[in-house]
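For ligands, and for the atoms within them, numbers begin at 1 and follow the listed sequence.
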Amino acid sequence: MTDSKNSKRLIIGLTGGIGSGKTAATDLFAAQGIDIVDADIVARQVVTPGAPALESIKAEFGDEYIDAEGHLNRAKLRALVFSDESAKQKLNAIMQPAIRTELLDQLNQAKSPYVILSAPLLLENGLESYCQRVLVVDVPEALQVQRATNRDSVNEEQIKSIISSQIDRPTRLTKADDVIDNSGSLSELKIQVNQLHKKYLTLADG
Ligand code: ATP
């Protein structure tokens, strides 16, 4: 299934719960010149107007999920799959293969000495099979809730419900080859990223 084992480029899978600091961490790796493939961004790219996955969504769910400019009506689709398990499975059957293909394309096009695959659901969706190492960005749940609610206009209950839909913290940590403790300041995060960057450069060289 994966060609990562045969590929020369080192792929680091980066994950963590909502609000753990994945983007803050990947921004710091990117500042060191490292290519980032972000599963959230890819999930949006595969449904841009005219993309095959969007055409499949239109065929499966109807024209009413596409607006006049050809964009996906995310809110309407989110509401549907929230209340309809079979619609959710159909949507996943369209999205998951499209996302995987695009992720692999972007990973293959990466030019930096190693590349980071960042995905909130890296472990839940088995994307770690494309990676040689798993890097977990870890914070206590209370801090996740605090940072995510400060960032987004959502309430504590919504964040907690997303946390409970994700892999639990102890299990996530058992899958980690490396862990960033992001319970401190942004400058403490930067120190850890820079240390890992050096380590990954050495691993990529070997
Ligand atoms: P999501 O899964 O929801 O996309 P994420 O894991 O990418 O979240 P970020 O968006 O990077 O998380 O971080 C969540 C919020 O916490 C942001 O507003 C970010 O600026 C802030 N943040 C991240 N790390 C720190 C830190 N060490 N100190 C203070 N604030 C931080």
* To do: Return yes if a side-chain donor-acceptor contact under 3.5 Å exists between Asn194 and Gln32, otherwise no.
  =>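 Yes, a side-chain donor-acceptor pair sits under 3.5 Å.
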
Review point. Got a donor-acceptor contact below 3.5 angstrom from the Arg9 side chain to the Ser112 backbone?
Key: yes

request  = Indicate yes or no: does Asp178 engage Lys199 in a salt bridge with an N to O separation below 4.0 Å.
outcome  = yes

Note to self: Regarding Asp138 and Arg169, does a basic nitrogen lie under 4.0 Å from an acidic carboxylate oxygen?
What the structure shows: yes

Distance col, row Ile11:CD1 vs Leu104:CG, nearest 0.5 angstrom, shows 7.5 Å

Closest non-hydrogen atom pair between Tyr114 and Ala204, with its separation =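 Taking Tyr114 first and Ala204 second, the nearest heavy atoms are CB-CB, 4.4 Å.
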
Less than 4.0 Å from some atom of ligand 1, heavy atoms are found in residues Gly17, Ile18, Gly19, Ser20, Gly21, Lys22, Thr23, Ala24, Arg147, Arg151, Asn182, Gly184, Ser185, Leu186

